[in-house]
Amino acid sequence: MDFGYKTEGTCSQYIYFSLENGIIHNVRFIGGCNGNLKAVSILTEGMPAEEAISKLGGIRCGIKNTSCGDQFARALREALDQESNESKAA
């Protein structure tokens, strides 16, 4: 399933990605630090979303209370919750 997430408090503006049975695919950040976010995308490809959440959640960027990685962790949590709710409704 494909997801989009509008970030808050970071240089990146949106994150797009797919989840298949809780596995991350096709991550794309819009805006932000191009090289670093390409690295995050490559490193998380094929990774279980729960693992990425545990690694990226809570990371801060400078004095900000969040980071692009933290925003991605939040997006993944929302996506997993949405997948879970949809499977319960089916």
Side-chain angles (χ1 to χ4, degrees):
M1 180 174 279
D2 295 331
F3 295 93
Y5 183 83
K6 177 158 179 33
T7 60
E8 294 181 17
T10 61
C11 297
S12 65
Q13 299 160 352
Y14 289 93
I15 307 168
Y16 297 102
F17 59 97
S18 299
L19 283 183
E20 293 177 22
N21 299 316
I23 305 298
I24 301 167
H25 296 286
N26 305 317
V27 181
R28 264 188 353 171
F29 286 83
I30 307 300
C33 303
N34 189 19
N36 289 333
L37 296 176
K38 282 181 183 175
V40 169
S41 299
I42 290 167
L43 291 170
T44 57
E45 178 66 30
M47 180 182 285
E50 291 289 354
E51 182 179 350
I53 291 167
S54 71
K55 290 181 179 204
L56 299 173
I59 293 175
R60 296 174 61 155
C61 184
I63 62 170
K64 297 177 184 177
N65 289 328
T66 190
S67 67
C68 293
D70 181 59
Q71 289 291 296
F72 186 33
R74 294 178 192 197
L76 290 168
R77 174 57 53 213
E78 283 189 16
L80 287 174
D81 291 347
Q82 183 179 337
E83 273 191 339
S84 176
N85 290 337
E86 287 180 7
S87 67
K88 287 177 187 175

Does atom CG of Asp81 have more than 12 heavy-atom neighbours from other groups under 6.0 Å away?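 Yes, CG of Asp81 has more than 12 neighbouring heavy atoms, counting only those of other groups under 6.0 Å.
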
Within a reach of under 6.0 Å around OH of Tyr14, are more than 12 heavy atoms found that belong to other residues, nucleotides or ligands?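 Incorrect, the count does not exceed 12.
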
Looking at [atom1] of [X] and [atom2] of [Y], how far apart are the two atoms once the value is rounded to the nearest 0.5 Å?
{"X": "Met47", "Y": "Leu76", "atom1": "CE", "atom2": "CG", "answer": "10.0 Å"}
{"X": "Ile59", "Y": "Lys64", "atom1": "CD1", "atom2": "NZ", "answer": "14.0 Å"}
{"X": "Lys38", "Y": "Asn36", "atom1": "NZ", "atom2": "CG", "answer": "11.5 Å"}

Is Glu50 paired with Lys55 through a side-chain N to carboxylate O contact shorter than 4.0 Å?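 So Lys55 does not pair with Glu50 through a salt bridge.
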
So which atom in [X] and which in [Y] form the shortest heavy-atom distance, rounded to 0.1 Å?
{"X": "Tyr5", "Y": "Ala75", "result": "CG-CB, 3.3 Å"}
{"X": "Val27", "Y": "Thr44", "result": "CG2-OG1, 3.8 Å"}
{"X": "Leu19", "Y": "Ala49", "result": "CD2-CB, 4.0 Å"}
{"X": "Asn65", "Y": "Arg60", "result": "OD1-NH2, 3.2 Å"}
{"X": "Ile24", "Y": "Ala52", "result": "CD1-CB, 3.6 Å"}

Let me check something: do Leu80 and Leu56 share a hydrophobic cluster, defined by ILVMFWY side-chain heavy atoms less than 4.5 Å apart, either directly or through other members?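 Looking at the clustering, Leu56 is in the same group as Leu80.
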
Transitively linked via ILVMFWY side-chain contacts under 4.5 Å: Ile15 with Met1?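 Shared cluster, yes.
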
Qualifying residues under ring-ring contact (aromatic ring centres under 6.0 Å, His included), relative to Phe29, sequence neighbours excluded: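 If we apply the ring-ring contact (aromatic ring centres under 6.0 Å, His included) test to Phe29, skipping adjacent residues, the hits are Phe72.
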
Keeping [X] on the side-chain end and [Y] on the backbone end, is there a donor-acceptor pair under 3.5 Å?
{"X": "Glu45", "Y": "Asn26", "value": "yes"}
{"X": "Ser41", "Y": "Leu37", "value": "yes"}
{"X": "Thr7", "Y": "Gln13", "value": "yes"}

Side-chain heavy atoms of Ile30 within contact of Tyr16, under 4.5 Å: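 With C-beta onward as the side chain, the pair touches.
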
Would you say that Phe3 contacts Glu78 through its side chain, given a criterion of any heavy-atom pair below 4.5 Å between the two side chains?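 No, every pair of side-chain atoms sits at 4.5 Å or beyond.
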
For Arg28, check side chain to side chain donor-acceptor pair (under 3.5 Å) against everything at least two apart and list the hits.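 Once residues adjacent in sequence are excluded, Arg28 has no partner under the side chain to side chain donor-acceptor pair (under 3.5 Å) criterion.
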
Those residues that, when tested against Thr66, pass side chain to side chain donor-acceptor pair (under 3.5 Å) (two or more places apart):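 Testing Thr66 for side chain to side chain donor-acceptor pair (under 3.5 Å), a comparison that skips the adjacent residues, returns Asp70, Gln71.
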
